[in-house]
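Step one of this worksheet: look at the structure below.
All chains are named by letter (A, B, ...) in the order of the sequence lines, taking the proteins before the strands, and each is independently numbered beginning at 1. Remember, predicted model here, so these are calculated numbers, not experimental data.
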Amino acid sequence: MHYRDCSCGALRAKDVGRLITLSGWVASRRDHGGVIFIDLRDRDGITQVVFHPEQNAQAAATAHTLRSEDVICVHGKIVARLAGTENEALPTGSLELVASTLEVINRSQVPPFPMEERIGNEDLRLTYRYLDLRRPEMTANLRLRHRVTKIIRDMLDQEGFWEVETPILCNSTPEGARDFLVPARLSPGKFYALPQAPQQYKQLLMVGGVDRYFQIARCFRDEDLRADRQPEFTQVDLEASFISEEDIFSLIEKIFQKILLETRAVEIKTPFLRMTYHEAMNRYGSDKPDTRFKMELSDVSTIFTQTEFKVFAHALDHGGVIKALNAKGFASITSGQIETLTDVAKSAGAKGLAFIKVENGEWKSPIVKFFTDAQKAALAKQMNMEEGDLILFGADCFETACMALGRVRLKVAELQKIFIDHDQLAFLWVVDFPLLAYSEEENKWNAVHHPFTRPKDEDAELLLSGQLAEIRAQAYDIVLNGVEIGGGSMRIHESELQARIFGALGIDENVQKELFGHLLKAFEYGAPPHGGIALGLDRLISLLAQEESIREVIAFPKNNRGMELMTGSPSHVDEKDLRVLSIATRSKQS
RNA sequence: GGAGUCGUAGCUCAAUUGGUUAGAGCACCGCCCUGUCACGGCGGGGGUUGCGGGUUCGAGUCCCGUCGACUCCGCCA
C-alpha cells in the first residue's frame, strides 16, 4: 500500500493542483452535517482534509465516524482554500486536501487526555507516554534534541574527534555517586557497575593514542531524583590530547554558537564571561551564578571589625566574613517571607539571617542597636541603602556565609518576582575550582571534581607542603542561566602525581593498586597530557526548550522514585533467575 | 532520611463560615447542522471527593493516620 507522498506539514501553495496521498492521526473533526473537515496530524504538522458528501458520499460517511487519534490514509487533490477561509496559524493553511478516498487504518480508543493542551497530571502522561509524545510540545522537544545532538556530532567530527563507545558494564569505584550494580553470572558473587561517566576509559583512550574522542554517553547514578536529575542521563563526553584549557573553552564556545544559531537563529558572543570559583562565591554565593540579574553580595567585614553584635564578632574572630546583599525595594517583605529566607539560609548552614528594613527613613531591625553611627554611615554608603531597601546579612566562614546569601539571593529574586528575560542566554565559565574539599562527616579530603583532576602548575608545591585546601585545580564548569550544564578539567598524566593525589584522598597503596592500578600503570607507558569536558545533554536541551524539568526532553523518563510508569520498571524477577546469578534478596516481595 | 505543596468526573478546575441531590468547560454518547479550523445547536451518560479512622445532627470542607504525585534540603567525585 502507498501510504503517503509527503508529511502533513510539507504542503505549500505551490502544491495546489497535485494529487496527494497523506497518512496520519485525526487531530480534530469538524462535522457540519454536510461538509466535514479533518485536521490530519503527524510529527511535522497539520493538513486540513475536506470531505464533500455530494462529491464522494462514501468517504464522507466514513469521515463522519472518525474520532480523535484514529489513523487514516487519504488521497485527493490539493486545492487552494476558499478566499477568506485561509488559516494563518498553520504553515499549510492556504490549502486543503479534498479527499476522494479515505481508508481507516487503525481506530483509537478515546485518549485518556487531550493532545492539544498542556496536562498537569504527569503520572498519566508517563503512563501513556506514547500518546504524550504525539503532543506538539513533546514532538518539538524530541526534534530539538535530535538537531542539537546532530550538530554536536558533525562539529566534533569536523574538529577531528572520533566517536568511540566505552563499556556499559564496568567496575564499581569508591568515589562519587552510588553505583548501579549488575550481577556477573560467570563470576558468582562479583558485580559489574554501570558507569557514572566514561571517565577512566576516555583517559585510557588518550593513552591509547586516540587523540580526540567523544561520545554521546549514557551515565548512571543511583542517587535520589530531582527535576534536573534522572538515574540515567546523557553526557556529551569528550577528551583530547596535547591541549590546554583554552582549547576546550574555544571548542565548546564554538559548538554553542552553532547550536544557538541553528536552533534559535541567535548569534551569541564569544568568548564567554569567565569567573574564578572564588569570585563566583564572593559575588554571587554560588559556583553556578545566575548572572541574568545583579543583586550581588558585598563584603562588609571591615566595617564591623569592632562590633558589639556578637554574631558578627564571633564570625570575624574565627576567621570568617560578614557578607551583605541589598534586596532593592523589598522592605515590604512579610514576616512569613523573612522566615522563609531564614530557612533558606539555615539550609545552607547559616545559623540565622540578620536583616535591616529601610522604611519611612528609619532602619527597622533587631540588630541595628548594636551599630555605631560610623558603622551605620559606612554600611549605608557601601550598600547604597535607600528608602524601601532590605539588607540581608550572612556572618560565618567564607564558604557558608557566601553560600547562604547566594541561596537567599535566588529566593529573594523569586519572591520579589524580579524580571528575568527568559530568552536571555547568560553563558559563563567558572574556573580555578579548589582541587580538594574537606568533609567533616567523613573526616577526610574529597576530590571536588574527581580524583584525576590536574592541580594548577603554580599550586603544585602546596600539595607537597600539605596545604590541601589552597590547591586550585585546572577544572572548569560551564554555566548557563544559573544551571551547571557541563564541567571538565585537565587531567593528571603522570602516575607519580596521580598516586600522590590518591594518597591525599586517603586511598592507601593497596586499594590504589586494586582499583586504579590499570590507570597508574597506563601512565607509566607514555601518557600524553590531556583533558576534556562533559556536557549534560538533558539539562542543555531543557534550557534550550525552556522546560522546567529534564523529563520533558527525555522520551521515556523515570518518575521521582525512579520508576518508569509505562512499562512499570523496575519489577520483580523470578527466584530461579536470581539463583542463576547467585543472588538472594532480603526484602519482602510484595 | 527531612520539609513543603497538591490529590474532587477521562482532562482542566469550582463548590462561601461545616449545611439540600458535589457543579462548569472540554472530552464521551445520541440527534441536528454544507466552509469550519478548539465549528456550532439541542439532549444524555459519567463521582468510593486518593484510602482508613475520628469529631459532628450533618464532612469534599475540621482533626489523626496512611498512600501517591511533584518541588526543595540531605545526597548527586
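The side chain of A/E223 lies closest to B/C76, out of B/U34, B/C76, B/C28. Closest to the A/S28 side chain, of the nucleotides B/C29, B/C39, B/C37, is B/C39. For A/N87, whose side chain is taken as the heavy atoms from C-beta onward, the closest listed nucleotide among B/U34, B/C37, B/C28 is B/C37. For A/A227, counting side-chain heavy atoms from C-beta on, the closest listed nucleotide (B/C72, B/G30, B/C37) is B/C72.
As judged by a 4.0 angstrom heavy-atom cut-off over every strand, A/M115 is placed among residues making no nucleic acid contact. Nucleic acid contact for A/E484: none, since no nucleic acid atom lies under 4.0 Å from a heavy atom of the residue. Using a 4.0 Å heavy-atom distance criterion, A/P451 is classed as a base contact. Backbone-only engagement by A/L124 is indicated by non-hydrogen atom pairs under 4.0 Å involving sugar-phosphate atoms exclusively. Contact annotation for A/E86: base contact, defined as any heavy-atom pair under 4.0 Å involving a base atom. Across all strands shown, A/R407 has heavy atoms under 4.0 Å from sugar-phosphate atoms exclusively, and none from any base. Among the atoms of the strands shown, none is found under 4.0 Å from any heavy atom of A/E116. Contacts of A/R561 with the nucleic acid, taken as non-hydrogen atoms under 4.0 Å apart, involve only primed sugar atoms and P, OP1 or OP2. Across all strands, A/D123 comes closer than 4.0 Å only to sugar-phosphate atoms, never to a base (heavy-atom distances). Residue contacts shown for A/N559 are limited to sugar-phosphate atoms, with no base heavy atom under 4.0 Å away. At the heavy-atom level, A/Q196 lies nowhere under 4.0 Å from the strands shown.
Remark: the A/R81 side chain and the B/C37 base include a donor-acceptor N/O pair separated by less than 3.5 Å. Side-chain to base pairing of A/D224 with B/G74: one donor and one acceptor N or O lie within less than 3.5 Å of each other. Side-chain atoms of A/E96 come within donor-acceptor range of the base of B/G35, with a qualifying N/O pair under 3.5 Å. For A/H52 against B/G35, a side-chain N or O and a base N or O form a donor-acceptor pair under 3.5 Å. Between the base of B/C76 and the side chain of A/R229 there is a donor-acceptor pair shorter than 3.5 Å.
With both pairing distances under 3.5 Å, B/U17 is matched to nothing as a Watson-Crick or G-U wobble pair. For B/A3, the paired nucleotide is B/U71, the pair qualifying as Watson-Crick or G-U wobble because both relevant distances are below 3.5 Å. Summarising the base pairing, B/C26 is matched to B/G10 through a Watson-Crick or G-U wobble pair whose two defining distances lie under 3.5 Å. Taking a pair to require two hydrogen-bonding distances under 3.5 Å in either a Watson-Crick or a G-U wobble arrangement, B/U56 remains unpaired. In this structure, B/U49 makes no Watson-Crick or G-U wobble pair, since no nucleotide meets both defining distances under 3.5 angstrom.
Ring-plane geometry between A/Y128 and A/Y130 is classed as perpendicular, the angle between the planes exceeding 60 degrees on a 0 to 90 degree scale with a lower cut at 30. Ring geometry for A/Y277 versus A/F433: interplanar angle of 30 to 60°, hence tilted.
Remark: the separation of the C1' atoms in B/C72 and B/G53 is 31 Å, to the nearest Å. With both ends at atom P, the span from B/C67 to B/G52 equals 15 Å, rounded to whole Å. The P atoms of B/A69 and B/C64 are separated by 23 Å, rounded to the nearest whole Å. Taking atom C1' in both B/U61 and B/A15, one finds a spacing of 9 Å when rounded to whole Å. Rounded to whole Å, the separation between the C1' atoms of B/C62 and B/A24 comes to 27 Å. For B/A9 and B/U49, the P atoms lie 10 Å apart once the distance is rounded to whole Å. Comparing the C1' positions of B/G60 and B/C6 gives an interatomic distance of 15 Å, to the nearest angstrom. Taking atom C1' in both B/G50 and B/G58, one finds a spacing of 23 Å when rounded to whole Å.
With contacts defined as side-chain heavy-atom distances shorter than 4.5 Å, the pair A/R30/A/D39 qualifies. Between A/V71 and A/S23 the shortest side-chain heavy-atom distance does not fall below 4.5 Å. For the pair A/M403/A/D396, no side-chain contact is recorded, criterion being any heavy-atom separation below 4.5 Å from C-beta on. Side-chain contact between A/I38 and A/R29: present, with at least one pair of heavy atoms (C-beta onward) separated by less than 4.5 Å. Side chains of A/L205 and A/T166 form a contact here, defined as non-hydrogen atoms less than 4.5 Å apart.
Here the straight-line distance linking atom CD1 of A/I46 with atom OG of A/S7 works out to 11.5 Å at 0.5 Å rounding.
The distance between atom CD of A/E339 and atom C1' of B/G4, rounded to the nearest whole Å, is 13 Å. Atom P of nucleotide B/C76 and atom CD1 of A/I485 are separated by 22 Å, given to the nearest angstrom. Computed from coordinates, the A/F180 CZ to B/C76 C1' distance equals 12 Å when rounded to whole Å. In this entry the distance linking CZ of A/R29 with C1' of B/C39 reads 11 Å, nearest Å. The interatomic distance linking A/F37 (CZ) with B/A38 (C1') rounds to 15 Å, in whole Å. Straight-line distance from the CD atom of A/Q55 to the C1' atom of B/G35: 13 Å, rounded to whole Å. For A/Q109 and B/C29, the CD to P distance is 11 Å, given to the nearest whole Å. As rounded to whole Å, 11 Å separates atom C1' of B/U71 from atom CG of A/D228.
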Scan nucleotides 12-14 of chain B against the protein and return all N/O pairs shorter than 3.5 Å with their distances rounded to 0.1 Å.
{"unit_1": "B/U12", "atom_1": "OP1", "unit_2": "A/N121", "atom_2": "N", "d": "3.1"}

TODO: Could you please spell out the steps behind the side chain to side chain contact (heavy atoms under 4.5 Å, CB included) verdict for A/S347 and A/R407?
DONE: CA-CA 9 Å; A/S347 79; A/R407 288 198 192 166; 3.3 Å; yes
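A/D538 and A/Q230 form no side-chain donor-acceptor contact under 3.5 Å, judged by distance and modelled atom types alone.
Aromatic stacking of A/H32 on B/C39: satisfied, with centres closer than 5.5 Å and planes within an angle under 30 degrees.
Cation-pi geometry between A/R409 and A/F293 is met: the NZ or CZ atom falls under 6.0 Å from the ring centre, inside 45° of the normal.
Comparing A/P112 and A/N560 by the nucleotide of RNA chain B whose heavy atom lies nearest to each, the residue mapping closer to the 5' end is A/P112. Nearest-nucleotide positions on RNA chain B for A/L565 and A/L225 put A/L565 closer to the 5' end.
Within the structure, a side-chain polar atom (N or O) of A/R30 is placed less than 4.0 Å from OP1 or OP2 of B/C39.
Within 6.0 Å of CD on A/E54 lie more than 12 heavy atoms contributed by other residues, nucleotides or ligands.
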